[in-house]
Q: 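Got a structure for you, written out below as structure tokens; questions coming shortly.
Residue numbers begin at 1 in each chain, while the letters A, B, ... track the order of the sequences.
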Amino acid sequence: MRYEPPRFPAMDSTYNPKTVEATAQTHWIATDAYKAVEHDPRFPKGKYYACSMLPYPSGKLHMGHVRNYTINDMLVRYLRMQGYNVLMPMGWDAFGLPAENAAMKGKVAPAAWTYENIRTMKSQCNALGLAIDWSRELTTCDPAYYKWNQWFFLKMLESGVAYRKTQIVNWDPVDQTVLANEQVIDGRGWRSGALVEKREIPGYYMNITKYAEELLDATLHKLPGWSDRLRTIQENWIGKSEGVRFAFPHDIKDANGKSIQDGKMYVFTTRADTIMGVTFVAVAPEHPLAVRAGEMNPLLAPKIEALKAGGTTEAELAVKEKEGVATGLFVTHPLTGEQVEIWVGNYVLITYGDGAVMGVPAHDERDFAFAKKYNLPIKQVVALPPGGRVPKAGEGDGAPSPVGSSTNSLSPTLPPGGREFSTHAWQDWYGNKGEGIAISSGSYDGLKFADCVDAVANDLIAKKLGEKKTTFRLRDWGISRQRYWGTPIPVIHCDDCGVVPVPEKDLPVVLPEHHIPDGSGNPLKHDEAFINCACPKCGKPARRETDTMDTFVDSAWYYMRYASPDAAINGMPSMVDSRNDYWMPMDQYIGGIEHAVLHLLYARFWTKAMRDMGLLKFDEPFKRMTNHGMLLNHIFYKPTDKGTKDYIPPTDVHNTFDEKGHINGGTLADGSRVEYGGIGKMGKSERNGVDPQDLIDKYGADTARLYVMFVGGPEDPAVWSDTAVEGAMRFLRRVWTYCADRSGEIASAGAVDMNSLNADLKATRFELHNTLKQSNFDYERQQYNTVVSASMKMLNALETVKPGVSPSISREGASILLRTLYPVAPHITCQLWADLGFEKTEGELLNAKWPQPDAAALVQDELKLVLQVNGKTRGEIVVPSSADKAAIEAAAAASPDVAKYGEGRTPKKIIVVPGRLVNVVV
RNA sequence: GCCGGGGUGGCGGAAUUGGUAGACGCAGUGGAUUCAAAAUCCACCGCUAGUGAUAGUGUGGGGGUUCGAGUCCCCCCCUCGGCACCA
């Protein structure tokens with residue numbers, strides 16, 4: 001490396017973050033310091049791709065971004081010094097609703113608003129000193145990017161992975177738009193307040209359910225770098241359930257005399273073993289049989305209609321009381337031939353399975369509640385064998401019942417004839433699939449769950465009335481949005497040819513960027529220049545699709561576009577290229593847990609779809625996933641006359657404390673009292689957010705970074721503390737002062753000579769290298785809060801050596817401290833590294849070698865061992881570090897503490913833990 | 001209800017995975033410096049008793065394993081998150 005004269009001015013005696021950070025950032029940009037190149041020979045350990053979830057450009061960065069990106073930044077800076085070819089890109093999730101809302105409010109085009117926000121946030125990323133390779137920056141509203149959304153969508157359409165169907169949606173008649181479930185509040189549009197209608201609208205779907213089994217299997221077995229928490233969330237969402245789908249035959253006819261659903265009412269059950277306990281069937285209010293019952297009996301129709309009441313979301317359904325109405329219609333039990341009455345129930349969902357269930361009140365909680373309410377018969381068909389273990393002995397003394405004990409009075413056994421069905425016992429064991437056996441079930445009697453299900457399924461198959469079936473909670477992904485600010489769906493509607501895909505050569509279908517939505521629906525609908533086109537098939541005038549894609553499409557694959565931002569194969573532009581094979585799969589993905597389901601699942605699905613299209617060779621995109629914890633802050637408010645709360649930013653509040661030292665409220669500058677609302681997620685609604693820009697302006701980026709890393713583990717939630725930020729600043733100032741006070745001796749000092757060190761200096765050096773060892777361990781496991789505390793410990797140890805006492809220790813100490821602190825606080829450390837002359841001899845800090853502890857420094861002449869007597873710590877003994885087990889035992893036995901606490905008894909046993917402790921048992 | 005995290009001083013958190021609990025920091029107390037304040041530096045800082053040396057006690061609660069448990073096992077409580085009339 002060629003020597004260049006120091007670019008920093010002579011060393012300042014006080015720490016001035018503003019100039020330090022500006023100097024460093026200017027230098028990094030000028031030298032293209034973070035540009036990543038595939039197969040870079042400077043980095044022998046191979047590639048490491050670490051990426052943060054791309055942000056929505058809402059205006060400016062918030063503290064969550066700072067935390068997310070600093071974790072990412074520390075990781076890549078550390079790994080680069082380890083010899084890895086690291087990649088940390090950044091981009092913008094630039095399509096979406098907030099831009100349309102901002103447009104309505106500010107009368108500015110979403111495009112203009114979005115690009116302005118990106119400019120601001122990009123400069124904030126640089127102000128934070130993030131090691132981003134901006135040459136790979138992407139913006140999802142850029143036609144060069146979304147062209148490939150369209151291209152791949154057409155490929156999926158071709159292969160059938162994407163398809164068109166008619167969907168029922170929430171329609172806001174005032175805003176002329178479709179609303180997501182979470183945008184419907186009490187049946188009204190969140191913005192317009194209009195009553196939301198159900199509309200059937202054609203749209204495009206992606207067949208993610210085709211991949212459900214593979215997604216689930218990989219979730220459970222192929223993602224060891226994901227947390228249990230995350231895996232469980234995905235597993236629940238996919239929601240696999242295995243059971244039997246079968247039909248109850250009937251001869252109910254519709255108004256035209258045609259048999260409804262060919263005379264078969266299908267149901268799905270995971271408990272086919274309880275089929276002999278069916279005492280009714282229940283259908284959803286929208287089920288054809290319910291509809292027919294309403295037609296046949298006009299008195300019934302309004303009652304059935306009423307059962308539809310309430311919201312459509314699952315959460316709303318959950319709080320509804322179970323209600324129903326008998327139809328007077330009957331179906332035939334497929335195995336017994338008995339007639340079973342059809343009820344319409346509000347707890348049966350038309351959208352799940354076949355919209356009908358078999359009612360087995362003895363062995364299903366919901367059926368039980370329903371049967372009790374309407375006095376329907378309850379027939380027990382599963383019992384625990386005598387002596388079987390009772391799952392929960394609520395009536396007992398709390399001790400588990402012994403397995404196999406025939407005297408166990410808590411075990412429900414076969415009920416004697418005529419005895420009333422026991423509801424408490426049922427509560428305890430109705431769901432116990434593992435141990436129950438069939439009773440009162442004819443030929444199935446005595447069979448255990450799995451065998452019984454098999455036997456029932458076989459009989460149903462023989463009658464051609466059923467089959468085993470696996471269902472998933474996961475639904476196909478509807479990607480059509482009746483929105484302006486998104487990727488245009490590249491299809492054309494022709495009166496003669498129907499729906500015609502846009503030919504590949506005509507991509508991208510460019511979204512006009514000048515529209516300003518006014519709340520009256522998608523402006524594309526009135527954009528004749530956009531809509532009018534020629535049919536690619538027949539050439540006649542045709543209309544362009546005005547729906548756009550869900551923005552989750554944009555984020556489903558952007559991380560691969562970073563890898564090959566201008567991808568081309570054989571000179572032709574392509575979605576990805578061989579550079580994607582180099583960087584992917586991603587080694588570490590970092591983002592909020594709020595994307596645990598949708599984004600991560602769609603990205604995994606999209607990867608598999610690309611794989612099946614031959615575009616890549618791996619199955620899973622993200623090897624490791626870190627979900628950084630939320631940032632929390634105290635909440636303060638003043639109650640208003642209306643009973644609402646006026647939230648007060650915590651910065652305006654002078655806290656007051658109760659006698660235990662906990663915050664219990666506060667006062668404002670005018671002396672008025674505010675109430676304490678506890679701790680909550682930083683956000684606009686409670687006005688308890690902290691603006692990173694304020695922090696950077698006041699303390700600098702290094703302090704902001706150090707603080708967010710020190711406050712807790714990367715995945716833990718963290719509560720904001722102003723005074724702790726001051727502490728972070730204080731530490732950096734001490735680092736600066738330490739270096740400034742010793743700059744002369746450090747610049748000229750030589751290597752440490754162990755033989756010339758006195759005991760104190762040896763102890764300092766031991767502390768330095770021992771702490772380095774801990775720091776390296778914590779870097780490896782990405783526990784960055786203790787990495788920061790290790791740096792603090794190093795400084796504490798080094799400061800005990802006053803200036804001039806040992807230049808060689810000061811030099812070694814500074815060189816280690818600056819390198820271990822660099823990933824957290826890159827600006828100050830780069831400046832000091834240069835000022836102290838390290839850059840001259842070892843090159844820029846960015847590429848310096850990561851420090852390793854010196855084994856010689858860790859050798860001690862004497863060891864302090866903890867002395868325990870009967871397992872209680874009673875003192876310590878000092879032995880030569882060369883002492884063997886026998887010598888240590890002898891030293892321990894001779895200790896006065898053993899005599900004192902052992903009360904003179906002779907040691908029975910002495911346990912020696914090398915280097916740690918010795919325990920004398922008397 | 002099921003599943004997955006978690007519970008350690010006044011506070012944030014550590015404990016290299018069974019070996020001195022409370023590292024590091026914040027807050028607090030006392031002192032130095034200062035005309036004064038800020039900043040900085042030094043000392044103390046789990047709880048109880050004691051002037052003190054010290055003793056006892058202590059990681060949500062109760063049992064257990066072990067020479068030794070914040071850490072492992074069993075039961076319970078609390079809390080955060082996910083799923084949920086999913087048949």
Q: Please list, in numerical order, the residues of residues 909-919 of chain A that have a heavy atom closer than 4.0 Å to any atom of RNA chain B.
A: A/K909, A/I911, A/V913, A/R916, A/L917, A/N919

Q: Quick one: A/F248 CZ to B/rA87 C1', roughly how many Å, whole number?
A: 11 Å

Q: Classify A/R874 by what it touches in the nucleic acid, base, sugar-phosphate, or nothing, heavy-atom distance under 4.0 Å.
A: sugar-phosphate

Q: Provide the closest heavy-atom pair for A/F268 versus A/E242 in the form atom of the first, atom of the second, distance.
A: CZ-C, 4.1 Å

Q: Determine the contact category for A/F777: base if any of its heavy atoms lies under 4.0 Å from a base atom, sugar-phosphate if only primed atoms, P, OP1 or OP2 are that close, otherwise nothing.
A: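 Sugar-phosphate: the residue A/F777, judged by heavy atoms under 4.0 Å, touches backbone atoms but no base.
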
Q: Please answer whether the main-chain N or O of A/R271 pairs with a side-chain N or O of A/T269 as donor and acceptor at a distance below 3.5 Å.
A: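 Between the backbone of A/R271 and the side chain of A/T269 there is a qualifying donor-acceptor contact (under 3.5 Å).
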
Q: Taking any heavy-atom pair under 4.0 Å as a contact, classify A/V788: base, sugar-phosphate, or nothing.
A: nothing

Q: Compare the minimum distances between each of B/rC41, B/rA23, B/rC86 and the side chain of A/R475, then state the nucleotide with the smallest one.
A: B/rC86

Q: Report the nucleotide, chosen from B/rC83, B/rA87, B/rC26, that has the shortest atom-to-atom distance to any side-chain atom of A/W237.
A: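 Looking only at heavy atoms from C-beta outward on A/W237, the closest nucleotide is B/rC83.
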
Q: Main chain of A/E323, side chain of A/N346: is a donor-acceptor contact present, judged purely on distance under 3.5 Å?
A: yes

Q: Would you kindly give the OH-to-P distance between A/Y784 and B/rG25, to the nearest whole Å?
A: 22 Å

Q: Base, sugar-phosphate, or nothing for A/G727, non-hydrogen atoms under 4.0 angstrom?
A: sugar-phosphate

Q: Centroid-to-centroid, A/F370 to A/F280, below 6.0 Å?
A: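 Yes, they do, as the ring centres are separated by less than 6.0 Å.
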
Q: Rounding to the closest angstrom, what is the interatomic distance between B/rC76 and B/rG28 at atom C1'?
A: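 Pairwise C1' distance, B/rC76 against B/rG28, rounds to 37 Å.
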
Q: Between B/rU20, B/rA87, B/rC67, spot the one nearest the side chain of A/V357, thanks.
A: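 Within the option list, the nearest is B/rA87.
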
Q: Distance check: side-chain N/O of A/R733 vs OP1/OP2 of B/rU40, anything under 4.0 Å?
A: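 Answer is yes, contact under 4.0 Å.
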
Q: Measuring only the C1' atom in each nucleotide, how far is B/rG30 from B/rA69? A whole number of Å is fine.
A: 38 Å

Q: Which glycosidic conformation, syn or anti, is assigned to B/rU16 if syn requires a torsion within 90° of zero?
A: anti

Q: What's the gap between B/rG7 and B/rA14 when it is taken at their P atoms, as a whole Å value?
A: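 Those two atoms are separated by 9 Å.
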
Q: For B/rG4, does the O4'-C1'-N9-C4 (purine) or O4'-C1'-N1-C2 (pyrimidine) torsion place it in syn, i.e. within 90° of 0, or in anti?
A: anti

Q: To the nearest Å, how far apart are A/M709 CE and B/rG13 P?
A: 14 Å

Q: Considering just the side-chain nitrogens and oxygens of A/N796, establish if one lies under 4.0 Å of OP1 or OP2 belonging to B/rG25.
A: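 Checking A/N796 against B/rG25: at least one side-chain N or O falls below 4.0 Å of OP1 or OP2.
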
Q: Are A/E213 and A/K240 close enough for a salt bridge, meaning some N to O gap below 4.0 Å?
A: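 Here A/E213 pairs with A/K240 in a salt bridge, since their nearest N and O are under 4.0 Å apart.
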
Q: For atom P, what is the distance between B/rC44 and B/rG12, given to the nearest Å?
A: 25 Å

Q: Please state whether the rings of A/Y374 and A/W343 are parallel, tilted or perpendicular, taking 30° and 60° as the class boundaries.
A: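 Rings of A/Y374 and A/W343: tilted, 30 to 60°.
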
Q: Looking at A/H333 and A/I275, would you say the former's side chain and the latter's main chain have a donor-acceptor pair under 3.5 Å?
A: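 Yes, because the side chain of A/H333 sits within donor-acceptor range (under 3.5 Å) of the backbone of A/I275.
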
Q: Tell me: CG of A/L632 to P of B/rC11, nearest whole Å?
A: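 It works out to 16 Å between those atoms.
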
Q: For B/rG19, does the base pair up with any side-chain atom of A/Q868 as donor and acceptor (N or O, under 3.5 Å, distance only)?
A: yes

Q: Using whole Å, what does the distance between atom P of nucleotide B/rG81 and atom CG of A/L230 come to?
A: 16 Å

Q: Write down the distance separating the P atoms in B/rA87 and B/rG6, rounded off to the nearest Å.
A: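 The answer is 29 Å between these two P atoms.
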
Q: Would you check if A/I233 and A/W237 make a side-chain contact, meaning some heavy-atom pair closer than 4.5 Å?
A: no

Q: Which is true for A/R231 with a 4.0 Å heavy-atom rule: it touches a base, it touches only sugar-phosphate, or it touches nothing?
A: nothing

Q: On a heavy-atom basis, which atom in A/P650 and which in A/N633 lie closest, and how many Å separate them?
A: CG-ND2, 3.6 Å

Q: Could you check A/E799 against A/E726 and say which one's nearest nucleotide on RNA chain B is further toward the 5' end?
A: A/E726

Q: What nucleotide among B/rC67, B/rA27, B/rC85 has an atom nearest to a side-chain atom of A/Y347?
A: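 Nearest to the side chain of A/Y347 among the choices is B/rC85.
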
Q: Are any of A/N236's side-chain N or O atoms less than 4.0 Å away from OP1 or OP2 of B/rC2?
A: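 For B/rC2, neither OP1 nor OP2 has a side-chain N or O of A/N236 closer than 4.0 Å.
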
Q: Looking at A/Y266 versus A/F246, is the centre-to-centre ring distance below 6.0 Å?
A: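 No, too far apart.
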
Q: 5'-most contact on RNA chain B: A/G355 or A/P717, nearest heavy atom basis?
A: A/P717

Q: Just say parallel, tilted or perpendicular for the rings of A/H634 and A/Y676, cut-offs at 30° and 60°.
A: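 The rings of A/H634 and A/Y676 sit tilted, inter-plane angle from 30° to 60°.
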
Q: Pull out every stem in RNA chain B, meaning runs of 3 or more consecutive Watson-Crick or G-U wobble pairs with both distances under 3.5 Å.
A: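 So far as stems of 3 or more pairs are concerned, RNA chain B shows B:1-7 with B:77-83, B:10-12 with B:24-26, B:28-32 with B:40-44, B:46-49 with B:54-57, B:60-64 with B:72-76.
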
Q: Students often get this wrong, so: under 4.0 angstrom with heavy atoms, is A/K872 touching a base, only sugar-phosphate, or nothing?
A: sugar-phosphate

Q: Between A/N776 and A/Y78, is there a side-chain donor-acceptor contact under 3.5 Å, judged purely by atom types and distance?
A: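 No, no side-chain donor-acceptor pair sits under 3.5 Å.
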
Q: Specify the separation, in whole Å, of atom CD of A/E780 and atom C1' of B/rU17.
A: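 So the two atoms are 17 Å apart, to the nearest Å.
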
Q: OP1, OP2 of B/rC24 versus side-chain N and O of A/R730: anything below 4.0 Å?
A: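 No, because none of the side-chain N or O atoms of A/R730 sits under 4.0 Å from OP1 or OP2 of B/rC24.
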
Q: Can you tell me how far P of B/rA15 sits from CD of A/Q783, to the nearest Å?
A: 5 Å

Q: Expressed as a whole number of Å, how far does the P atom of B/rA15 sit from that of B/rG70?
A: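 Result for the P pair: 15 Å, nearest Å.
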
Q: So, is A/R229 near the phosphate of B/rG82, with a side-chain N or O under 4.0 Å from OP1 or OP2?
A: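 No.
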
Q: Say you pick atom P in B/rU8 and the same atom in B/rG61; how far apart are they, in whole Å?
A: 10 Å

Q: Starting from C1' on B/rC24, measure out to OH on A/Y707 and report it in whole angstrom.
A: 15 Å

Q: Looking at A/S775 and A/T771, would you say the former's side chain and the latter's main chain have a donor-acceptor pair under 3.5 Å?
A: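 Looks like no, no N/O pair under 3.5 Å.
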
Q: If we take the C1' atom in both B/rU40 and B/rG22, what is their distance in whole Å?
A: 27 Å

